[in-house]
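Notes follow once the structure below has been shown.
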Protein chains: 2
Amino acid sequence: MKNKLDQIDFKIISILSDEAQMPYTEVAKKLIVSPGTIHARVRKMKEMGLITGASLNLDYSKIGWKLTVFLGIYLSKSSLYKQVMDDLVKINEVVKIHHTTGKFDIFIKMHTRDSMHYREVYQNQVLAINGIKGVESFISVEEKLIRHIQFDS
Amino acid sequence: MKNKLDQIDFKIISILSDEAQMPYTEVAKKLIVSPGTIHARVRKMKEMGLITGASLNLDYSKIGWKLTVFLGIYLSKSSLYKQVMDDLVKINEVVKIHHTTGKFDIFIKMHTRDSMHYREVYQNQVLAINGIKGVESFISVEEKLIRHIQFDS
DNA sequence: GGTGAAAGAATGGAAGC
DNA sequence: GCTTCCATTCTTTCACC
């Protein structure tokens, strides 16, 4: 797995990170290489596991899901993280789960329609999980930046 | 802006959220509608602002960016959030910035190559910003779930 | 507002450089 | 390992339902 990436690879990633649906021919034009090259590079990076997929960016508030909430979770025993994470996966409103070191043991992100919906999920689903000692919540008021790393090297 | 979404719209979003690069013809086949319908629906949702774009999912660790860190930031005055967020945008390693209520004023996510790189960015760039009173950091050990909401309604 | 077909464009190999 | 070429497949529009 000794695939070295060059500037062209990084530029492809930079472009597609912002606009995953841009046709490869257009990417090729921007970088002044042939479409076949883009194709081969992208396939290589997918095989390497660098590119794991592509997803839509959605503005949930446009369909009435107005709340984005982060929860910092304390476990009663740190070793329970695996089981608690498995339980969290089952909650539909949870979109990201991170096992972390530092103040919290687990950090999650969730979307809900409104504060009532949030409270319901929080009380009936999150707090019902065994092994959770405490939770701190942070409501996102504004999301400022969505981007990927600009790789200069 | 009275665009009601139906089951087909939600299914399109569900499919493309996982696989943004899937051809519309294939989406059409899955949902048993014509390609033209998919096209029209996606365009409608883009015009509504629901779909804001598409991005690649990258596994940064594959190119040696092994650390994902969350920082919870306390401001010396809450009103400074705008200016501090603008300064944070300028840091290349920062990929997400949320203005939050709760314990922290601002919550960010960043990627770095290793702990030395992290320390350097943290000390020289984050702490150098005016208006930041304190920071708590959480290092992500494992990312468990990347998905979008399954809209049932 | 959906369908299906048609023209144009992009994809994804293969062969050669 | 990149490029060009080509057959296949996809996109995108539009007249019709």
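To find a chain, count down the sequence lines: A is the first, B the second, and so on, and within it residues start at 1.
Distance CD1 (A/Ile12) to C1' (C/dT11): 15 Å, rounded to an integer number of Å. With rounding to whole Å, A/Asp9 atom CG is found 12 Å from D/dG1 atom C1'. We find that CG of B/Asp6 is positioned 11 Å from C1' of C/dG1, with the value rounded to whole Å. Per the geometry, CG belonging to A/Leu16 stands 15 Å off P belonging to C/dA10, to the nearest Å. To the nearest angstrom, C1' of D/dT12 lies 13 Å from NZ of B/Lys46. Here the P atom of nucleotide D/dG1 and the CD atom of A/Gln7 are 17 Å apart, to the nearest Å.
Through direct or relayed side-chain contacts under 4.5 Å between Ile, Leu, Val, Met, Phe, Trp and Tyr, B/Phe104 connects to A/Phe70, A/Tyr74, A/Phe104, A/Phe107, A/Phe138, B/Phe70, B/Tyr74, B/Phe107, B/Phe138. Clustering of Ile, Leu, Val, Met, Phe, Trp and Tyr side chains at separations under 4.5 Å leaves B/Met116 isolated, with no partner residue. In the hydrophobic clustering, where aliphatic and aromatic side chains (Ile, Leu, Val, Met, Phe, Trp, Tyr) are joined below 4.5 Å either directly or transitively, A/Ile32 stands alone.
A sub-4.0 Å separation between OP1 or OP2 of D/dT12 and a side-chain N or O of B/Arg43 is absent. The phosphate of C/dG12 (OP1 or OP2) has a side-chain N or O of A/His39 nearer than 4.0 angstrom. Between B/Arg41 and C/dG1, a side-chain N or O to OP1/OP2 separation shorter than 4.0 Å is absent. OP1 or OP2 of D/dT3 sits under 4.0 Å from a side-chain N or O of A/Thr37.
Residues from residues 21-33 of chain A placing a heavy atom under 4.0 Å of any atom in DNA chain C, listed by number, are A/Pro23, A/Tyr24, A/Thr25.
The neighbour count for A/Asn130 CG, taken as heavy atoms of other residues, nucleotides or ligands under 6.0 Å away, does not exceed 12.
Pairs engaging residues 52-70 of chain A under the salt bridge (charged side-chain N to carboxylate O under 4.0 Å, His left out) rule: A/Asp59-A/Lys62 [sequence neighbours left out]. Sorted by first and then second residue, the salt bridge (charged side-chain N to carboxylate O under 4.0 Å, His left out) pairs with a member in residues 129-138 of chain A read A/Lys103-A/Glu136; sequence neighbours excluded.
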